[in-house]
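Only one structure is covered here, and it is reproduced in the block below.
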Amino acid sequence: MIIHTEHKCENLLLEVQPQQRFVRSTWNGVFIGELYRSLLQRIMYAVERDALRYWLTDARKAGPISPEDQLWTMHEFTPQVMKAGIERIAIVGSEDPLNARAVERFVSATPDDASYAVRFFPDPSIAMLWLLKHKPVRDGVEEAPRRSAGSQA
């Protein structure tokens, strides 16, 4: 799987694999206000442009999220994610307890009718396996999912 770098700065490495319909955001440091929001909008632009369906967000090195940015995320960004057609979001949580609590609040506040599943993972490799466990739909063709004994959706 070839992944290309969509954006790279001090706070965000954004990588896209259009054939697998996959996006990975790797966060670093503290970023607030317009910077925080513009980085999330970069992700959403790539998701919408390439019809991406699987998002791995690695926030292990991300700092706290301001209360204002938390509100913006829940009220402005989450509805965008819901409309974009994302199917699965895998989160590798931050080592910063304030960030981890904020992200848990975002996930808890996700409406019940959201079209995507969200799960937390301790490791990005395990998160990738969950995200891509079924071949993604492309051009209206989908491979039948393979299930092993005891597997869960």
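What you are looking at is a predicted structure, and each value in this text was computed from that prediction instead of being measured. Scope of the values below: all heavy atoms of this structure, side chains included, with no hydrogens, waters or symmetry mates.
- Atom-to-atom distance recorded for Asp96:CG and Trp27:CH2 is 14.5 Å, nearest 0.5 angstrom.
- Of the candidates Leu52, Ile3, Val16, Ile3 is the only one forming a side chain to side chain contact (heavy atoms under 4.5 Å, CB included) with Phe22.
- Proximity of Ser25 to Glu15: side-chain heavy atoms (C-beta onward) are nowhere separated by under 4.5 Å.
- Not one N or O on the side chain of Arg24 forms a donor-acceptor pair closer than 3.5 Å with the backbone of Trp55.
- Ala84 and Met44 make their closest contact through CB-SD, 3.7 Å (heavy atoms, listed as atom of the first residue, atom of the second, distance).
- Separation of atoms SG (Cys9) and CG (Leu14) is listed at 9.5 Å; rounding is to 0.5 Å.
- A distance of 11.5 Å separates CD1 in Ile65 from CG in Leu71, rounded to the nearest 0.5 Å.
- The CZ atom of Phe31 lies 10.5 Å from the CD atom of Glu10; values are rounded to the nearest 0.5 Å.
- The main-chain N or O of Ile91 is never found under 3.5 Å from a side-chain atom of Thr57 such that the two would form a donor-acceptor pair.
- The side chain to side chain donor-acceptor pair (under 3.5 Å) test with Tyr36 singles out one residue from Thr73, Asn11, Asp69, and that residue is Thr73.
- Here the OG1-CZ distance, from Thr26 to Arg60, works out to 7.5 Å after rounding to the nearest 0.5 Å.
- Judged by distance alone, the side chain of Thr78 and the main-chain N or O of His75 form no donor-acceptor pair under 3.5 Å.
- Here the shortest heavy-atom pairing between Glu68 and Arg37 reads O-NH2, 3.5 Å.
- At least one side-chain heavy atom of His4 sits under 4.5 Å from a side-chain heavy atom of Pro18.
- The nearest pair of heavy atoms linking Asn99 to Gly63 is ND2-O, 2.7 Å.
- What you find for Arg53 and Gly85 is that their closest heavy atoms are CD-O, 2.7 Å.
- Remark: the Glu87 side chain and the Tyr54 side chain contain an N/O donor-acceptor pair separated by less than 3.5 Å.
- Under the 4.5 Å side-chain criterion, counting only non-hydrogen atoms from C-beta, Val81 is in contact with Tyr116.
- Separation of atoms CD (Gln41) and CD (Glu48) is listed at 8.0 Å; rounding is to 0.5 Å.
- Of all non-hydrogen atoms in Ala90 and Ala127, the two that sit nearest each other are CB-CB, 3.7 Å.
- A cation-pi arrangement is present between Arg88 and Trp130, with the terminal nitrogen or guanidinium carbon under 6.0 Å from the aromatic centre and inside a 45° cone about the axis.
- Residues His7 and Leu12 meet the side-chain proximity criterion, which asks for heavy atoms closer than 4.5 Å.
- Counting heavy atoms from C-beta on, the side chains of Ser94 and Val103 never come closer than 4.5 Å.
- Two residues are said to be in side-chain contact when any heavy atoms from C-beta on lie closer than 4.5 Å; Gln19 and Gln17 meet this criterion.
- Inter-residue side-chain proximity for Val47 and Val23 is flagged as met; some heavy-atom pair is nearer than 4.5 Å.
- Between Arg42 and Glu6 the shortest side-chain heavy-atom distance does not fall below 4.5 Å.
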